[in-house]
Protein chains: 2
Amino acid sequence: MFIAEDICQKLRENGKKVTPQRRLIYKALEGKTTHPTAEDIYNDVRAVIPDISLATVYKTLRELVESRFLLEIQVDGDSSRFDPRTDPHSHLKCIGFKVGTNGEYLPCGRLEDISTTYPTLHVSPEELHGYKLIGNEVMFLGYCPACQNS
Amino acid sequence: MFIAEDICQKLRENGKKVTPQRRLIYKALEGKTTHPTAEDIYNDVRAVIPDISLATVYKTLRELVESRFLLEIQVDGDSSRFDPRTDPHSHLKCIGFKVGTNGEYLPCGRLEDISTTYPTLHVSPEELHGYKLIGNEVMFLGYCPACQNS
DNA sequence: TTCGCTGCAAAGGGTTTGCATATTG
DNA sequence: CAATATGCAAACCCTTTGCAGCGAA
């Protein structure tokens with residue numbers, strides 16, 4: 001469970017510093033299920049600290065990912081999405097398109113958490129090629145309610 | 001099945017031109033199971049046409065993907081990998097690390113085809129969030145033989 | 001001859017990095 | 001006060017684009 005204050009405490013324990021920027025980024029992530037991009041977080045935080053730098057957001061997110069407080073999800077060539085939920089779970093992605101303000105088609109990209117895991121999926125020995133299997137990730141694809149009508 | 005000459009023929013039918021560059025890129029992909037990057041293909045082709053441009057390789061790969069002769073696989077933040085096998089299948093990715101020439105650790109990234117598909121995986125109605133489910137992609141993770149010892 | 005294609009170089013988007021300054025503990 | 005963070009701008013990497021010249025049909 002991603003709790004901003006827990007992470008602040010961990011920072012102090014490790015001799016790192018709790019800055020207003022960091023705390024705000026943590027708070028912006030807390031409980032979020034929308035899988036925001038770095039840019040999304042940047043915009044959230046700017047409402048409070050207007051001249052925070054995007055680089056700071058990137059650095060802070062990178063730390064969280066490396067200390068396993070945050071999951072980084074990379075689908076297709078899109079920018080990374082971040083998920084404060086780090087227990088094993090799957091995702092469901094919308095492959096529909098929205099119409100942009102200039103009439104161009106933009107991938108919707110909505111992403112939902114799916115709690116189900118599939119620990120029993122396996123690979124036949126002859127297809128394993130000698131690999132030691134560790135796990136799997138399932139990405140479901142579909143059309144979100146908004147994209148089914150367009 | 002990805003056959004270079006078939007694709008050349010399709011080009012002609014569509015009023016496009018069969019150039020030595022294109023034909024060579026097609027041939028470089030034919031039957032390849034290593035999931036090469038654009039750079040890999042570029043290097044292959046340069047052995048024959050030393051001053052082919054990387055841009056030409058990218059443009060040609062993009063066309064193949066858009067005409068569904070080629071699958072583009074994007075895992076993590078790595079550069080795109082291309083797969084001439086376009087029937088539905090899964091992949092098995094090595095998450096180990098190699099030691100580079102300067103002693104740095106580089107993700108191995110070896111990628112294998114897995115023929116099995118999982119058309120029956122489903123999502124519970126309450127987790128569907130109203131999405132219309134189309135399919136799924138499974139990525140298996142493990143350590144390839146070379147990475148199990150390091 | 002006519003399009004379509006190539007190679008080049010420049011631009012693009014997302015992300016990271018170096019560094020001088022500012023801030024935390 | 002020392003060490004760590006910040007903001008800025010520049011650098012990076014992969015990929016795409018614009019364009020003048022070239023080559024396939």
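Here the structure is a predicted model, which is why all the values come from computation and not from measurement. Just so we're on the same page: letters track the sequence lines, and every chain starts at 1.
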- line: Note: contacts of residues 11-18 of chain B with DNA chain C (heavy atom, under 4.0 Å) are B:Gly15, B:Lys16, B:Lys17

ring-ring contact (aromatic ring centres under 6.0 Å, His included) contacts in which one or both residues fall within residues 29-55 of chain A, not counting sequence neighbours: A:His35-A:His91

query: Between atom CD in B:Gln9 and atom P in D:dA25, what is the gap in whole Å?
result: 13 Å

Per-nucleotide protein contact string for nucleotides 6-13 of chain D, where B marks a base within reach and S marks sugar-phosphate only (heavy atoms under 4.0 Å, - for neither): SBBB----

- prompt: Quick one: is B:Tyr58 getting a side-chain N or O under 4.0 Å of the D:dT16 phosphate, OP1 or OP2?
  reply: no

message: If I take atom CD in residue A:Glu39 and atom P in nucleotide C:dG12, what distance separates them, rounded to the nearest angstrom?
response: 16 Å

Tabulate below the donor-acceptor pairs under 3.5 Å that side-chain atoms of residues 49-57 of chain A make, not counting sequence neighbours, or state none.
residue : atom : partner : partner atom : Å
A:Ser53 : OG   : A:Ala55 : N            : 2.9

- request: Ignoring backbone atoms, test whether A:Ser80 places a side-chain nitrogen or oxygen under 4.0 Å from the OP1 or OP2 oxygen of C:dT15.
  value: yes

message: Just the rounded figure in Å: distance from C1' of D:dT4 to CZ of A:Arg23.
response: 16 Å

For atom CG of B:Asp76 and atom P of C:dT16, their distance in whole Å: 13 Å

field: Residues which pass salt bridge (Lys or Arg N to Asp or Glu O under 4.0 Å) with A:Asp83, listed by chain and number, not counting sequence neighbours
entry: none

- prompt: If you measure from the Lys or Arg side-chain nitrogens to the Asp or Glu carboxylate oxygens, is any gap between A:Arg22 and A:Glu63 under 4.0 Å?
  reply: yes

statement: Taken to the nearest whole Å, CD1/A:Ile25 to C1'/D:dA5 is 11 Å

message: Based on the rotation axes of five pairs at each end, what angle does the helix from C:dT1-D:dA25 to C:dG25-D:dC1 bend through, to 10°?
response: 30°

message: Just to be sure I understand the rule, does B:Thr37 reach a base, reach only the sugar-phosphate, or reach nothing, if contact means heavy atoms closer than 4.0 Å?
response: nothing

Partner set under salt bridge (Lys or Arg N to Asp or Glu O under 4.0 Å) for B:Asp44, not counting sequence neighbours: B:Lys32

N/O donor to acceptor pairs below 3.5 angstrom from side-chain atoms of residues 131-138 of chain B, sequence neighbours left out:
residue  : atom : partner  : partner atom : Å
B:Tyr131 : OH   : A:Glu112 : OE2          : 3.0
B:Asn136 : ND2  : B:Tyr118 : O            : 2.9

Gap between atoms CZ and C1', on A:Arg62 and C:dG14 respectively (whole Å): 11 Å

- request: Examine distances only and state if a side-chain atom of A:Arg81 and a backbone atom of A:Thr34 form a donor-acceptor pair shorter than 3.5 Å.
  value: yes

- prompt: Does A:Glu5 have any salt bridge (Lys or Arg N to Asp or Glu O under 4.0 Å) partners at least two apart in sequence or in another chain, and if so, which?
  reply: A:Arg23, A:Lys27

Results of side chain to side chain donor-acceptor pair (under 3.5 Å) for B:Asp6 - residues two or more places apart only: none

field: Sequence neighbours excluded - ring-ring contact (aromatic ring centres under 6.0 Å, His included) pairs with any residue from residues 43-71 of chain A
entry: none

- request: Taking side chain to side chain donor-acceptor pair (under 3.5 Å) as the test, write out the residues that go with A:Glu127, two or more places apart.
  value: B:Ser115

- prompt: Rounding to a whole Å, what distance do you find between B:Arg81:CZ and D:dT15:C1'?
  reply: 17 Å

- request: Grab the CD-C1' distance between A:Gln74 and C:dT15 for me, whole Å please.
  value: 11 Å

